[in-house]
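One structure is given here, and the rest of the page talks about it.
Bear in mind that the values here come from a model prediction, so they are computed numbers and not experimental data. Naming convention: chains lettered A, B, ... in sequence-line order (proteins, then strands); numbering from 1 in each chain.
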Amino acid sequence: MARARRFWLLKTEPESFSIHDLAASPNQTTCWSGVRNYQARNFLRDDMKPGDGVLYYHSGGDQPAIVGTAVVVREGYADDTAWRKNDHHYDPKASPENPIWQMVDIRLEEIFDAPLPLETLRGVQALEKMELLRRGSRLSVQPVSKAEYEAVLKLAHATPKKNRSKK
DNA sequence: GCCAACGTTGGC
DNA sequence: GCCAACGTTGGC
């Protein structure tokens, strides 16, 4: 029996890897490397499956916001950046024999016409219990309920489009 | 730049 | 196994 599609939220600092970087990647696909938190690792390793929906979140900066969606295209596998000495997320305890850390691949689905800032999300009743909005929530890979995912998409598509430059 | 929240480390 | 110290995240 097919497993139900699940939904996730992935955080990134836009200076490090923004949704525009994702859009510019080959096949608009990237490996989600660099996660160094066990709870997040477990989601990557055990629970995220191809076809799952992803909310793409930009943290930091002057406007933290959900900026688009992506889809999981490859399930968890060893994050080889962990044993690259020059990598920012290098972990001396990791090795090819004992990878410790995991990553998945995701492909861009949609960049929202306008980002959905945290501030906006906080006012939405359907998102009251969303992990992202919990005080002190720092997890960079979080489960999102189907209802929350759908509420976010609805909001994104209801937001009036900004002036788009005519080409 | 501040600081609350939280994870990790390491002494005991 | 406790817990204080420390480092990091990330909103504000």
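Of the charged side-chain nitrogens involved, at least one lies within less than 4.0 Å of a carboxylate oxygen, so that D47(A) and R6(A) count as a salt-bridged pair. The pair R41(A)-D79(A) fails the salt-bridge criterion, with no side-chain N (NZ, NE, NH1 or NH2) lying under 4.0 Å from an Asp/Glu carboxylate O. At a threshold of 4.0 Å, the pair K146(A)-E150(A) counts as salt-bridged, since one of the basic side-chain nitrogens sits closer than that to a carboxylate oxygen.
When rounded to the nearest whole Å, the span between CG of L133(A) and C1' of dC12(C) equals 15 Å. A straight line from CG of L121(A) to P of dG11(C) spans 11 Å, rounded to a whole angstrom. As rounded to whole Å, 13 Å separates atom C1' of dT9(C) from atom CG of L132(A). dG11(C) atom C1' lies 12 Å from atom CZ of R138(A), rounded to whole Å. In this structure, CD of E119(A) is placed 19 Å from P of dG10(C), rounded to the nearest angstrom. K93(A) has its NZ atom 13 Å from the C1' atom of dG10(B), to the nearest Å. The distance between atom NZ of K11(A) and atom C1' of dG10(C), rounded to the nearest whole Å, is 7 Å. One interatomic measurement links the two molecules: CZ of R36(A) to P of dT9(C), which rounds to 12 Å at whole-angstrom precision.
Out of dA5(B), dG7(B), dG10(C), the shortest distance to the side chain of R135(A) is found at dA5(B). Considering only the side chain of S59(A), dG11(C) comes nearest among dG11(C), dT8(B), dT9(B). Nearest to the side chain of P64(A), among dG11(C), dG7(B), dT9(B), sits dG11(C). Nearest to the side-chain atoms of Q39(A) among the listed nucleotides dC12(C), dG10(C), dG7(B) stands dG7(B). Across dC6(B), dG10(C), dT9(B), the shortest atom-to-atom separation from the side chain of R134(A) is found for dC6(B).
A side-chain contact (heavy atoms from CB on, under 4.5 Å) with L127(A) is found for exactly one of L133(A), L116(A), L132(A), namely L133(A). Across V72(A), T69(A), V144(A), a single residue satisfies side-chain contact (heavy atoms from CB on, under 4.5 Å) together with V54(A), and that is V72(A).
Direction of the helix axis in the helix from dG1(B)-dC12(C) to dC12(B)-dG1(C) shifts by 10° between the two five-pair termini, rounded to 10°.
Each of R122(A) and H89(A) was assigned the nucleotide of DNA chain C with the nearest heavy atom; the assignment lying further toward the 5' end belongs to H89(A).
Under 3.5 Å, the side chains of R138(A) and S59(A) contain no donor-acceptor pair of N or O atoms.
A sub-4.0 Å separation between OP1 or OP2 of dC6(B) and a side-chain N or O of Y38(A) is absent.
Ring pair W101(A)/Y38(A): centre-to-centre distance below 6.0 Å.
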